[in-house]
Amino acid sequence: MKLSLLLILLSFSIIFQPLKMDAHTQGKNLKPGELRAGLAKVVITPQQPLWMAGYAARTKPAEGKLQDLYAKALAIEDSAGHRLVIVTSDLLGFPRKTADRIAAEAGKKYGLGRESILLNSSHTHSGPVLRDSLAGAYALEKDQIEAIDAYTGKLEDQIVALIGSALGDLAPARISYGVGEASFAMNRRKITPDGVINSPNPGGVVDRSVPVLKIESEAGRIRGVLFGYACHNTTLTGEFQQWSGDYAGFAQQEIESTHPGATALFLMGCGADINPYPRSKLELATQHGKELGSAVGTVLQSKMSPVKGGVRAAFDIVSLPFAPPPTKEMFTAQLSHPNVFHQRHARRMLDRLGKDGRLISEYPYPIQVVRIGSDFTMIGLAGEIVTDYALRLKREVKGRVWVAGYSNDVFAYVPSARMFPEGGYEVVESMIYYDQPGPFMPVIEEKIMEKTMSLVRRVSDK
Ligand SMILES: [Zn+2]
C-alpha cells in the first residue's frame, strides 16, 4: 500500500472514530458477556382521593395511604448495546392501552423495541383504578372517571421518564440469580359439590418459589434486588381504604431498609389462582411482607449463580378464542338478573351488539421472552394467569427459568385447560368484571404454550 493512501485511510479512521463511538455509546468498555445495569424508582401514589382497584364491593374512593405506591425500573444492557427494561409497579395491572402507550413513547424516545420493555404489576388491590381497566367492576361517577383519566395520563408520562432514568443509570454490574421460598401463598380454588368457591385449598397447586436477581456494583455493593412471588396481593380485603402495595409493598420496604441504597422491585408471578393466607388484617400484610423480604434476604446471603452474556428479547401476539358468546336474547334476559354486575355486563354487551352487530371472538394475547446468556430465561405472560402455566414452563424450558404473569396487559383471567370443566370465578364469573363477552376455550393453554416455546427458540443460542 502506498504511504499516501495509508495516511488518507488513517486520517479517515481518526476523523470517523469519534462519530462511530457516539453512535455506539451503549455497552462500551464492556468485555463480551459483561453487563451494565441501571435502576430508578418513582412515587405514583395518587394525590387525590381516587377510586381503588380490585374489589367490586368498594363504594368509595381511597382515604389516604398506608405506604407510598411505586413504579420501579431495572435496565440491563449487554456488551453489544442490546437493552432490556423491566418495569414493576404497585398497581392492579397495566391495561393494554396504557402499556402500549408507554412502550410506544419509550420506544421512540430511547430507541427500544417493544420486546425490550416488560411492564409488570404487583396486582395490589390497594392501588388506584386506571383508565380502560375492569370497566364492569365499579360504579363510577363522571368526576371520578375524569380523575382516573388524569391520573392514568400522568402515570404514563412518569413511567416513560422512569425508563429513561434507569437507562441513564446504566453502569457496569454483576448480576446473579437464586431461588428461595415463602410459605403464605395457597391455592384458593376449593372444589365443593356446588362448584368451585374462593376459599383456601391446601391441597391445590401452588408455586411458593421466590426467584431473586441481585444487581451489584463492580465493587460489590447491592444496587438492586428483583424478586418475585406468585400470589394475589390481597391480604388487605375490600374494607381497607388506604393506598398500599399489600405484602409486596411491605416486602420491598423491608428489603430496601435492610439494604440501604438498593432498589427492591417486585415482579408478580402466575398467581391468579393463589391468595395469601391468612388474610384480612393489616398486621398479616406486614407479616407476609416480612416473610417474603427475609426469604429474599436468605437468597442474597447464599451462593447465587452468575447471570451474564448477550441480552436477547422477543415479543409476539397469539389469538385466544372465546367460547361462542350468549345470544342477544340471553343477554336481554340477563338485564333482570338479581346481580347488578350481570345486569351491567348484559347492558354493555347489548350496546356493543347494537353498534357492531357482533362481539369479539378472540383476544390478541401478548407474550414476551427475554434471554440473558445461554441459560437464563425470563418469560412475561399477560393477564391474570394461573400457576399451571409457570409450573409447565419451568418443566419444559431448559436452564434457569423465571415466569412472570400480569405483564404488558391485564385484561382477564387466563385459566389452564384442566380448569375449564371445573368452572369457577377464574374461568367464568370474572369475565363479567373484565368486560369480556364470556369464557375462553380450553385450547388457550396449548396456544399460549406453543407461542411461548417458539419465542424461547427465537432467543436461544443458534
Ligand atoms: Zn386477581
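Every number for a ligand or one of its atoms is a count from 1 in the order of the listing. No hydrogens, no waters, no symmetry mates; every other heavy atom, side chains included, goes into these values.
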Atom name of the N, O or S atom of E384 nearest to the Zn ion (ligand 1) is OE1

When you measure from the Zn ion (ligand 1) to the N, O or S atoms of H123, does any of those distances fall below 2.8 Å? yes

Specify whether H342 and H337 have parallel, tilted or perpendicular ring planes, treating 30° as the upper limit for parallel and 60° as the lower limit for perpendicular. parallel

Which residues share a side chain to side chain contact (heavy atoms under 4.5 Å, CB included) with S116, sequence neighbours left out: L112

Side chain to side chain contact (heavy atoms under 4.5 Å, CB included) partners of M330, counting only residues at least two apart: P326, T327

Rounded to the nearest 10°, what angle sits at the Zn ion (ligand 1) between NE2 of H232 and OH of Y413? 90°

Check whether NZ of the Lys or CZ of the Arg K72 lies under 6.0 Å from the centre of the six-membered ring of Y70 and within 45 degrees of that ring's axis. yes

From the Zn ion (ligand 1) out to just under 2.8 Å, does an N/O/S atom of S430 turn up? no

